[in-house]
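Okay, structure first, notes after.
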Protein chains: 4
Amino acid sequence: MGAVKNKRMPRAVREQQMLDAAVHTFGQRGYRAASMDEIAELAGVSKPLVYLYLNSKEDLFTACIRREAKALTAAVRAGVRPGLPADRQLWDGLTAFFTHTAQNPDAWSVLHLQARTHGEPFAAEVTAMREEIVAFVTQLIVVAARAAHRNPSLPEREVAGLAEALVGAAESLAAWANTAPGVSAKQAAATLMNFAWAGLGDLMEGRPWAPSA
Amino acid sequence: MGAVKNKRMPRAVREQQMLDAAVHTFGQRGYRAASMDEIAELAGVSKPLVYLYLNSKEDLFTACIRREAKALTAAVRAGVRPGLPADRQLWDGLTAFFTHTAQNPDAWSVLHLQARTHGEPFAAEVTAMREEIVAFVTQLIVVAARAAHRNPSLPEREVAGLAEALVGAAESLAAWANTAPGVSAKQAAATLMNFAWAGLGDLMEGRPWAPSA
Amino acid sequence: MGAVKNKRMPRAVREQQMLDAAVHTFGQRGYRAASMDEIAELAGVSKPLVYLYLNSKEDLFTACIRREAKALTAAVRAGVRPGLPADRQLWDGLTAFFTHTAQNPDAWSVLHLQARTHGEPFAAEVTAMREEIVAFVTQLIVVAARAAHRNPSLPEREVAGLAEALVGAAESLAAWANTAPGVSAKQAAATLMNFAWAGLGDLMEGRPWAPSA
Amino acid sequence: MGAVKNKRMPRAVREQQMLDAAVHTFGQRGYRAASMDEIAELAGVSKPLVYLYLNSKEDLFTACIRREAKALTAAVRAGVRPGLPADRQLWDGLTAFFTHTAQNPDAWSVLHLQARTHGEPFAAEVTAMREEIVAFVTQLIVVAARAAHRNPSLPEREVAGLAEALVGAAESLAAWANTAPGVSAKQAAATLMNFAWAGLGDLMEGRPWAPSA
DNA sequence: TATGAATGAGTCTTCATTCAT
DNA sequence: GATGAATGAAGACTCATTCAT
């Protein structure tokens with residue numbers, strides 16, 4: 001933070017500095033409470049330069065959301081090996097997800113809280129990202145269901161709901177893992193896999209889910 | 001909206017009108033973006049009266065959160081019969097929860113989104129309510145686990161994580177049920193019970209959870 | 001203060017309670033910063049009653065000034081015996097003045113500070129009172145000068161200036177006596193008589209003024 | 001007034017223009033009654049600029065007090081030659097004082113009336129300045145008393161009271177000199193020297209004080 | 001005699017945004 | 001590539017004052 005005032009840097013670099021500052025400020029204060037003054041100062045530049053590069057507060061916020069949404073989905077994708085069994089893919093994806101959100105709390109605040117709190121230009125950006133993830137999870141469930149042979153046709157809406165629930169639980173656990181002291185990404189992922197894959201019923205019968213590899 | 005200007009009402013009534021207007025406006029716009037002018041107009045009173053009765057924007061927001069938190073927990077409590085088996089209690093509670101949030105979308109927005117987005121006076125109010133709910137769910141899980149005999153000692157942190165995941169999934173599904181057209185409270189509750197109680201693994205084996213009564 | 005809410009009192013009494021509260025509030029806060037709300041509450045009545053009896057904030061303030069000006073001049077007049085020598089009259093007047101201001105600090109604040117700080121309806125009220133006092137002192141000086149024979153004709157403007165200086169010094173010492181701990185009215189009066197009657201020159205020669213009786 | 005709108009001036013210059021406008025407005029209306037709008041307009045700038053440079057109404061008022069206190073003490077100091085006899089120093093100081101206050105009536109109103117009328121951030125500023133002046137006068141009296149040999153030990157509190165009375169008389173005469181038509185600074189100073197140094201007693205005996213050079 | 005209910009108008013303050021260099 | 005100077009517009013909050021009872 002408080003970046004040293006390096007004069008005359010190439011535009012691309014300056015822009016990233018500004019986005020860093022903006023993500024931090026938006027994440028901490030929220031969209032409305034964050035002031036362009038504060039962002040400019042944190043980025044170590046003058047306000048007119050922020051406007052020259054990023055155009056407006058709205059555009060700046062949108063740019064933050066896009067960059068961080070891309071970063072998050074990239075992190076999750078990078079954690080998953082497509083060939084492996086569905087539950088393993090899910091486990092890997094969740095681990096990557098919890099790791100990334102723990103390491104980028106401001107970014108996660110922007111995506112999960114701030115962007116959804118303010119009307120339409122922004123919510124849509126996040127919705128797009130979320131849909132991508134839900135689609136990924138949905139497909140995992142479908143594949144797994146087919147592999148299990150027995151119940152080939154979980155109705156589509158049902159699957160959509162399940163994926164939604166799983167993602168929602170993950171989002172919620174991200175906040176929990178960041179707050180409760182000493183909860184690691186792996187622990188959060190394990191908790192969720194137990195919950196989602198085995199189900200409370202199985203758990204209580206003494207049949208938890210366990211990573212296959 | 002634009003309530004008819006009934007002059008000279010007793011204070012208690014006016015206050016509820018103001019809270020109605022405030023919940024609506026905060027729910028739609030967010031805390032910062034909502035203006036006291038707008039709230040006063042929607043309530044059909046002048047701004048000074050809002051300040052006279054509710055003191056400040058912060059206090060007004062807090063009053064909204066408190067009222068709606070109380071209403072939500074009351075609705076859930078009213079839906080649950082303590083004597084019944086744990087899964088039935090959970091099902092009833094979820095149904096009440098999805099019904100209430102669907103009928104009070106602005107209130108739910110205030111509690112779930114707006115209050116958490118802004119710093120400490122507010123977040124704490126919601127956290128209190130949420131902890132009450134998580135405690136309720138936690139205890140249901142513990143009771144159910146004991147009843148199942150087989151796994152008498154799910155570790156405490158594990159249970160906490162599971163309850164957290166369940167509540168998080170419910171919160172997330174509330175938004176989904178309100179957005180996706182034609183998803184009823186019962187459907188949302190059923191989806192979640194399947195997910196949480198049976199688990200994806202069982203579901204795919206063709207063993208869904210079903211309400212016991 | 002915090003007067004017990006005695007309902008249904010005769011108008012004259014209520015008015016005095018209101019003026020008491022107003023003098024206190026105006027004296028502490030100043031004209032603009034004092035609010036009618038605070039005054040009404042301190043007086044133990046509702047605001048409309050204050051307006052019914054005293055009309056407006058301006059009128060209320062004016063009424064305060066008038067009452068307290070009258071009280072102060074009355075106190076000074078009551079302290080002076082017309083037959084006595086001029087310096088004795090002055091000494092008695094000053095003692096009465098310092099005593100009264102010490103016992104009514106809010107009233108003195110209203111007269112000396114608050115009333116003069118705000119434009120014309122008010123300043124004039126105080127000016128009138130002040131002129132009365134200055135005239136009294138002027139006449140004392142003229143009488144004393146005549147009695148001394150030697151300098152029968154102090155020019156008129158000179159005398160006006162001297163009276164002005166004496167009164168100004170007294171006003172200033174009133175604040176000092178109220179602030180500096182343990183300075184009594186008599187001490188303040190003695191200091192001023194020395195200063196004014198004997199003069200620094202005489203004092204330094206070892207010739208202080210002393211009360212003649 | 002209504003300064004020509006010179007756009008784009010360096011900050012230091014603009015700040016002085018703002019302080020000029022503020023001293024005028026505060027001096028005329030008082031702290032509370034002066035509006036930032038009026039000050040900004042008189043300064044020929046927009047309100048946000050005033051806030052950008054001077055921070056808040058409180059800070060602006062404090063800045064006025066400080067600037068004018070400094071200017072007044074500087075003017076008095078500049079009028080006095082340390083080597084000369086005490087009465088001559090006093091005479092020179094008073095002349096400088098009356099001259100300065102006559103030429104800067106708004107500044108004098110701010111220092112003498114407005115600042116003292118409003119609570120603690122402000123009164124302290126003036127008190128500091130006043131104490132400096134009282135200390136200067138006190139020391140003059142002490143020096144003169146020593147030089148006169150005869151009464152080497154005027155008690156300390158006595159001297160403090162005398163200095164207080166002298167300064168109070170001067171402050172009071174400043175208003176008188178500004179109000180009564182045709183009273184010059186020299187005349188005011190002469191009146192006060194007669195009053196203070198010779199004393200009414202001597203005056204009436206035909207022994208006025210006269211400047212020694 | 002006395003008040004609970006209500007408001008028009010104004011004040012301080014902040015913020016996103018631009019111009020001129 | 002970069003900034004010091006400047007503002008229109010809006011928002012939270014307060015206050016003197018009145019109406020209906």
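Keep in mind it's a predicted model, so treat the numbers as computed, not measured. In what follows, every chain begins at residue 1, and chains take the letters A, B, ... in the order their sequences are listed.
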Give, for atom CG of C:Asp106 and atom CG of C:Asp20, the distance between the pair rounded to the nearest 0.5 Å.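 These two atoms lie 10.5 Å from each other.
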Please report the distance, rounded to the nearest Å, between [atom1] in [X] and [atom2] in [N].
| X | N | atom1 | atom2 | value |
| --- | --- | --- | --- | --- |
| D:Asp59 | E:dT14 | CG | C1' | 16 Å |
| A:Glu41 | E:dC15 | CD | P | 13 Å |
| A:Leu52 | F:dT3 | CG | C1' | 11 Å |
| B:Arg14 | E:dG4 | CZ | P | 17 Å |
| D:Leu60 | E:dT11 | CG | C1' | 15 Å |
| D:Glu15 | F:dG4 | CD | P | 15 Å |
| A:Phe61 | E:dA16 | CZ | C1' | 16 Å |

Is the positively charged end of C:Lys57 above the ring of C:Tyr31, judged by distance under 6.0 angstrom from the centroid and angle within 45° of the axis?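 So C:Lys57 does make the cation-pi contact.
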Donor-acceptor pair between C:Gln114 and C:Ser109 side chains, under 3.5 angstrom: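 Side chains of C:Gln114 and C:Ser109: pair found under 3.5 Å.
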Atom CZ of D:Arg66 with >12 non-hydrogen neighbours under 6.0 angstrom: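 No, the 6.0 Å shell around CZ holds no more than 12 heavy atoms from other groups.
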Of all the heavy-atom pairs spanning [X] and [Y], show the shortest one and how long it is.
| X | Y | answer |
| --- | --- | --- |
| A:Ile39 | A:Met18 | CG2-O, 4.3 Å |
| A:Ile65 | A:Leu111 | O-CD2, 3.7 Å |
| D:Arg116 | D:His112 | CD-O, 2.9 Å |
| B:Arg32 | A:Ala33 | NH1-CB, 3.5 Å |

For B:Tyr53 and C:Leu49, find the nucleotide of DNA chain E closest to each by heavy atoms; which residue's nucleotide sits nearer the 5' end?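 This one resolves to C:Leu49.
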Check against side-chain contact (heavy atoms from CB on, under 4.5 Å), B:Leu72 and B:Asn104: CA-CA 9 Å; B:Leu72 176 53; B:Asn104 302 278; over 6 Å; no
Range-with-range stems for DNA chain E, at least three Watson-Crick or G-U pairs under 3.5 Å: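 Stems for DNA chain E, defined as runs of 3 or more consecutive pairs: E:2-21 with F:2-21.
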Protein-to-nucleotide contact annotation, 5' to 3' order, nucleotides 15-21 of chain F [B base; S sugar-phosphate only; - none; under 4.0 Å, heavy atom]: BSBBBS-
Applying a 4.0 Å non-hydrogen cut-off, can you work out what D:Arg11 is touching in the nucleic acid: base, sugar-phosphate, or nothing?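 Answer is sugar-phosphate: D:Arg11 comes under 4.0 Å of backbone atoms only.
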